[in-house]
Trainee: 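Shown below is the structure under consideration.
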Amino acid sequence: MLRFILMRLGKAAIILIAIMTLNFFLIHAAPGDPAAVMAGEAGAADAKFIAQLREQFGLDKPLLVQLGIYLKGVLQFDLGFSYRQQMPVSQLILDRLPATLLLTMTAFVISLLLGTMAGVLASARVGKWSDTAISSLALLFYATPLYWAALMAVLLFSVYFNWLPGFGYETVGANYTGLARALDIGRHLILPATTLGLFFMAVYMRMTRASMLEVSQLDFVKTARAKGLKSSIIQRRHIFRNAMLPVVTLAGLQAGQLVGGAVLTETVFAWPGIGRLMFEALAQRDYNLLLGVFFVSAAMVLLFNLITDILYRFVDPRIRVA
Amino acid sequence: MADFWKRFSRNRGAVIGIIILAIVVLVAVLAPLLFPQSPWRMVQRPFLPPLAMEQYPLGTDALGRNVISGLAYGAQVSLLVGLVSTVAALLIGIPIGALAGYFGGWVDDALMRFTEFFQTVPSFALAIVLVAIFEPSIQSIIAAIAIVSWPPVARLVRGEVMSLRSREYVEAAILSGQTNLTIILRQVLPNTLSPIIVLASLMVATAILLESSLSFLGLGDPNMMSWGYMIGAARTVIRQAWWLSFFPGVAILLTVLALNLIGEGLNDALNPRLARRGK
């Protein structure tokens, strides 16, 4: 097991270095002077800062030396300086990371729980109206643009019904503490997390339904029925546990979608996470910050994939060496 | 062919999908005739609600532009980007998958590590970075979407080619002295066409969603009216003018839904043995 984890860590490290290299070449491939690209929109930064960047990144040296300097910096978690926000990029990201982790993890749990539950329900009632309803809903969620669902949720639940806050992380100026604050954040979390999880909720529904139906045709299930086991036990112990395997694989894929989706959701809900930070970086053409957020999101996805890989080995005893 | 249509039309959803998509295509093609004026032009007072004036059934936006005209021109962008970026992704993914599957060994290893890299990187975030750095334009958007969406094609083609590689007819072709390129192009790839077509129809849908999301964030082509841009521009005025974000969203939803339904129908029609599995 330890060897497996070490191997996966090594692989993740290689991918991270590849992403840094990609970032480095993107800065150089962009139209214009790399120093100006790093500083933000050309002309926005003063000459002194540009000169400083030139020296720091050795921009007059050969490309490979520059790459070395850049990689060394990133490995020390020095992602450069955001000229626009007057703060180190790594500090900006660290400040915003907790909000994004809270949002994406909640979205993950909501989509996984509701998605698999609905999928199991639909598979148990194949062809009945509840199956049709769930399957149609899944098709609809599958085709809905994330940011539009978010806007419509604000319109319906926040503006029209006034049930839930549709803006921000907590009530500004309320100064709640302890449990009251947690509840307040929780209320602010419902709409963003649900809309962010919507797409994968649909994916889990469809996958669980199909997988449950497929497993229920297998021989060992027939044997269990022939033995006279209660059908609820067969559903739970024989079908569900085996049907969950492809679903766990999907969970790894969802990480990437959550991180990308967070840019849209956080923009709509003014959620103070790294997705919103990416949107701000876009609006201000702060490329260094943009690439920094991109790097950290990729690292988050790698970490999540690592965790699901390890979990998968616990769920499926058949896999011992990946 | 008749057989294909019979199987395809047995899927009711797929037929509905074809009808919706046909309408979207028709609107996109006829947009310049239906709305001769540029969709960027101010035609009435701002924030005219839907159904208030007959000429502007879906109202006007914050700058007094005709919403329904924007929708029609937006259909052009969505379909264009969806189609071209999918073709581009196929042009990257098919050769990589075919080479990896056909030659195996270290070629396969190297190409699959490369593919894995692109699968691990969060695709939407990468697309944002690419479009932002190379300046938003229809070309950079198409390129970015193609770059983030080819890996599933490569994986699919690789798997198919690997299983075909060991068939007797391919071995016969090798023995008859055909070159590797001829074998891949003439013998192997044509047999992988059905699953590629199904995947491609779903990729067009994903590409349309991606384009609209990029435009929503302000990364659309500044010279082309698109659905995502319309919603993005309406985001801050959603409390005053719901219709500005509602209608373009419905347009995206219906188009993407139609393509997904068509994909399922194609799957039924082209892979009849697989299609009914689990149903």
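For clarity, every value in this text was computed on a predicted model and none was experimentally measured. Note: hydrogens, waters and symmetry copies are ignored here, and every other heavy atom, side chains too, is used. Order of the sequence lines sets the chain letters (A, B, ...), proteins ahead of strands, with each chain counted from 1.
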Trainee: CG/Leu250(A) to CD/Gln257(A) distance, rounded to the nearest 0.5 angstrom?
Mentor: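 Between Leu250(A) CG and Gln257(A) CD, I get 11.5 Å after rounding to 0.5 Å.
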Trainee: Strictly under 6.0 Å, is that where the ring centroids of Trp271(A) and Phe269(A) end up?
Mentor: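 No.
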Trainee: Non-hydrogen atoms of chain A under 4.5 Å away: do they reach the side chain of Ala125(B), the backbone, both or neither?
Mentor: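 For Ala125(B), backbone and side chain are both near chain A.
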Trainee: Parallel, tilted or perpendicular: which one describes the rings of Phe246(B) and Trp242(B), with boundaries at 30° and 60°?
Mentor: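 Answer is perpendicular, since the angle exceeds 60°.
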Trainee: Below 4.5 Å, heavy atoms only, C-beta onward: do Pro50(B) and Phe247(B) meet side chain to side chain?
Mentor: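 Of all side-chain heavy-atom pairs linking Phe247(B) with Pro50(B), at least one is under 4.5 Å.
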Trainee: Less than 6.0 Å separating the ring centroids of Phe304(A) and Phe108(A)?
Mentor: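 Phe304(A) vs Phe108(A): aromatic centres under 6.0 Å.
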Trainee: Who among Leu291(A), Leu22(A), Leu26(A), Leu302(A) has the most heavy-atom pairs with chain B under 4.5 Å?
Mentor: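 Heavy-atom pair counts peak at Leu26(A).
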Trainee: Do any N or O atoms from the side chain of Ser216(A) and from the backbone of Leu213(A) form a donor-acceptor pair under 3.5 angstrom?
Mentor: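 At least one qualifying donor-acceptor pair exists.
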Trainee: For chain B, which candidate among Val154(A), Leu258(A), Thr144(A), Leu151(A) shows the most heavy-atom pairs at distances under 4.5 Å?
Mentor: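 If we count pairs closer than 4.5 Å to chain B, Leu151(A) comes out on top.
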Trainee: Examine whether an atom of Ile208(B) lies under 4.5 Å from a heavy atom of chain A, and if so say whether it belongs to the side chain, the backbone or both; otherwise answer neither.
Mentor: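 The answer is neither part of Ile208(B).
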Trainee: So which of Phe294(A), Phe279(A), Tyr147(A) has the biggest tally of heavy-atom pairs under 4.5 Å with chain B?
Mentor: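 With the most close heavy-atom pairs to chain B, the winner is Tyr147(A).
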Trainee: Check whether Leu282(A) gets within reach of chain B through its side chain, its backbone, both or neither, counting any heavy atom under 4.5 Å.
Mentor: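 Just its side chain gets close to chain B.
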Trainee: Please look at Gln119(B) and chain A and tell me whether the side chain, the backbone, both or neither of the residue comes under 4.5 angstrom of a heavy atom of that chain.
Mentor: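 Looking at Gln119(B), nothing touches chain A.
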Trainee: At a 4.5 Å cut-off on heavy atoms, which part of Ala262(A) comes close to chain B: side chain, backbone, both, or neither?
Mentor: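 Neither part, no heavy atoms under 4.5 Å.
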Trainee: So which part of Leu126(B) gets closer than 4.5 Å to some heavy atom of chain A, the side chain, the backbone, both or neither?
Mentor: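 Both backbone and side chain of Leu126(B) come within 4.5 Å of chain A.
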Trainee: Is any residue of residues 128-139 of chain B within less than 4.5 Å of chain A by heavy atoms, and which ones?
Mentor: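 Counting heavy atoms that sit under 4.5 Å from chain A, the residues of residues 128-139 of chain B involved are Ile128(B), Val129(B), Leu130(B), Ala132(B), Ile133(B), Phe134(B), Glu135(B).
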Trainee: Parallel, tilted or perpendicular: which fits the ring planes of Phe114(B) and Phe118(B), with parallel below 30° and perpendicular above 60°?
Mentor: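 Aromatic pair Phe114(B)/Phe118(B) classed perpendicular.
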Trainee: Say you draw a straight line from CG of Leu257(B) to OH of Tyr142(A); how long is it, rounded to the nearest 0.5 Å?
Mentor: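 Going from CG on Leu257(B) over to OH on Tyr142(A), the span is 11.5 Å.
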Trainee: Rounded to the nearest 0.5 Å, what's the gap from CE on Met205(A) to CZ on Phe141(A)? Could you check?
Mentor: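 Between atom CE of Met205(A) and atom CZ of Phe141(A) there are 5.5 Å.
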Trainee: Which bit of Met212(A) is near chain B, if near means a heavy-atom gap under 4.5 Å: side chain, backbone, both or neither?
Mentor: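 Contact with chain B is absent: no heavy atom of Met212(A) under 4.5 Å.
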Trainee: Considering residues, nucleotides and ligands other than Arg125(A), do more than 12 of their heavy atoms fall under 6.0 Å from its CZ?
Mentor: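 No.
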Trainee: Is any side-chain heavy atom of Leu209(B) less than 4.5 Å from a side-chain heavy atom of Trp148(A)?
Mentor: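 A side-chain contact is absent here, since even the closest heavy-atom pair is not under 4.5 Å.
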